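This one's a predicted model, so the numbers in the text were calculated from it and none came from an experiment.
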Amino acid sequence: MPLSRLLFLALLLAVGTSSFSQMMPMTNTINTPRGPVQYTTWRPMPMMYYGGPVSPSVKYPFTIVFSSDSSVQVKAKINVSEKNHFIKAKINKQKVVIKPKDTKEIYRVDETGLKIAGMPADSCWLFLAVKGKINGYSYLAEKGSSSLIAIQKGEGAPILPLNKDNLEEMVAENPEALKFAQKKKLERAITTFNK
């Protein structure tokens with residue numbers, strides 16, 4: 001193999017692996033029933049795909065229940081690139097934009113048969129991502145604590161923005177979880193409290 005080809009392959013490998021190792025903060029603000037919530041998540045640096053960054057949202061088959069109680073199944077992803085999230089889909093051969101305010105519920109079923117449901121908020125859908133003494137809600141249809149933006153202590157309790165103050169109040173009776181909350185290690189505080 002010519003030396004120039006080997007150098008080109010080495011350069012491609014170096015560029016590809018270095019872009020995966022870098023993390024960047026993503027800070028967004030959404031409007032919830034309890035007021036605006038600002039959240040920051042750390043994501044791998046977006047990879048470029050045909051000239052544009054890859055969204056953290058993944059295309060899934062969703063069932064969307066509209067405010068009118070009608071429902072539709074679409075394969076789409078939630079567009080989270082703007083302040084107000086939405087889904088673009090083709091329904092009856094027409095392109096439509098579906099916003100949280102147009103729906104009662106949106107859900108998908110994962111590979112284990114678990115229903116991951118989202119309820120509409122002002123600017124996004126809130127998906128139950130962590131279930132426990134403190135429930136955690138994500139703006140993505142994913143399980144786990146990596147994209148939590150809202151929390152709830154107990155069924156039927158108000159859903160509040162995930163921030164240091166709200167979480168400290170919820171975990172006050174657990175010294176170990178409280179210590180993590182005070183250090184702004186919010187995911188760790190929730191995990192510790194839910195043990």
Side-chain angles (χ1 to χ4, degrees), residues 25-44 46 53-89 91 96-163 166-167 170-171 186-194:
M26 290 180 56
T27 303
N28 291 306
T29 303
I30 64 164
N31 294 320
T32 68
R34 300 276 181 195
V37 176
Q38 192 171 47
Y39 60 94
T40 301
T41 57
W42 287 86
R43 300 264 183 215
V54 177
S55 168
S57 182
V58 177
K59 190 179 262 193
Y60 287 119
F62 284 108
T63 299
I64 299 170
V65 181
F66 292 101
S67 303
S68 64
D69 286 328
S70 64
S71 65
V72 67
Q73 291 185 333
V74 298
K75 186 163 187 179
K77 67 180 180 177
I78 299 170
N79 187 317
V80 298
S81 64
E82 297 179 20
K83 181 183 173 187
N84 294 315
H85 299 178
F86 60 89
I87 291 175
K88 284 186 178 178
I91 301 173
V96 295
V97 174
I98 302 164
K99 299 175 183 173
K101 67 178 183 177
D102 303 328
T103 66
K104 280 188 177 177
E105 179 185 38
I106 176 174
Y107 65 89
R108 75 177 182 89
V109 178
D110 74 4
E111 59 281 350
T112 65
L114 181 69
K115 179 181 176 181
I116 301 173
M119 62 182 144
D122 286 346
S123 62
C124 69
W125 287 276
L126 294 177
F127 292 89
L128 181 62
V130 173
K131 190 162 176 58
K133 292 181 263 184
I134 292 179
N135 294 324
Y137 292 87
S138 170
Y139 65 100
L140 297 174
E142 305 291 343
K143 285 292 182 192
S145 60
S146 65
S147 58
L148 295 183
I149 58 167
I151 49 177
Q152 175 188 42
K153 188 174 181 183
E155 296 297 321
I159 298 172
L160 303 174
L162 174 57
N163 60 40
N166 288 339
L167 190 56
M170 288 185 187
V171 301
L186 305 183
E187 290 178 36
R188 189 96 181 263
I190 293 169
T191 304
T192 303
F193 190 81
N194 282 346

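- The minimum heavy-atom distance between Pro161 and Ile151, with the atom names listed, is O-CG1, 4.1 Å.
- The salt bridge (Lys or Arg N to Asp or Glu O under 4.0 Å) test applied to Glu82 returns no partner, not counting sequence neighbours.
- Under the side chain to side chain donor-acceptor pair (under 3.5 Å) criterion, Ser68 pairs with Ser70, sequence neighbours left out.
- Taken from CG in Leu162 to CD1 in Ile190, the straight-line distance is 5.0 Å, to the nearest 0.5 Å.
- Residues satisfying the salt bridge (Lys or Arg N to Asp or Glu O under 4.0 Å) criterion with Lys104, sequence neighbours excluded, are Asp69.
- Closest heavy-atom contact between Pro100 and Pro120: O-CB, 3.1 Å.
- In this structure Tyr107 satisfies the side chain to side chain donor-acceptor pair (under 3.5 Å) test with no other residue, sequence neighbours excluded.
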Task: Worked verdict on His85 versus Tyr139 for side chain to side chain contact (heavy atoms under 4.5 Å, CB included) - done: CA-CA 9 Å; His85 299 178; Tyr139 65 100; 3.7 Å; yes

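- Listed here is the closest heavy atom pair of Gly136 and Leu148: C-CD2, 3.5 Å.
- In terms of heavy atoms, Val97 sits closest to Asp102 at O-OD2, 4.1 Å.
- Counting heavy atoms from C-beta outward, Phe86 and Asn84 have side chains that stay 4.5 Å or more apart.
- Between atom NZ of residue Lys83 and atom CG of residue Asp122 there is a gap of 9.0 Å, rounded to the nearest 0.5 Å.
- Put simply, CG on Asn163 and CD1 on Ile149 are 12.0 Å apart, with the number rounded to the nearest 0.5 Å.
- Residues that satisfy the side chain to side chain contact (heavy atoms under 4.5 Å, CB included) test with Ile64, not counting sequence neighbours, are Phe62, Phe66, Val72, Val74, Ile87, Ile98, Thr103, Ile106.
- The side chain to side chain contact (heavy atoms under 4.5 Å, CB included) check on Lys101 picks up Lys99, with sequence neighbours excluded.
- Taking each heavy atom of Gly132 and Asn194 in turn, the nearest pair found is C-OD1, 3.8 Å.
- Applying the salt bridge (Lys or Arg N to Asp or Glu O under 4.0 Å) rule to Lys143 yields no partners; only residues at least two apart in sequence or on another chain are considered.
- Annotation: salt bridge (Lys or Arg N to Asp or Glu O under 4.0 Å) contacts of Lys133 (sequence neighbours excluded): none.
- The CG atom of Leu160 lies 11.5 Å from the NZ atom of Lys153; values are rounded to the nearest 0.5 Å.
- Gln152 pairs by the side chain to side chain donor-acceptor pair (under 3.5 Å) definition with Asn135, Tyr137, not counting sequence neighbours.
- The side chain to side chain contact (heavy atoms under 4.5 Å, CB included) check on Asp110 picks up Arg108, Thr112, Leu114, Ile116, with sequence neighbours excluded.
- The side chain to side chain donor-acceptor pair (under 3.5 Å) test applied to Lys131 returns Glu155, not counting sequence neighbours.
- Evaluation of the side chain to side chain contact (heavy atoms under 4.5 Å, CB included) rule for Gln73 yields Thr63 as partners, not counting sequence neighbours.
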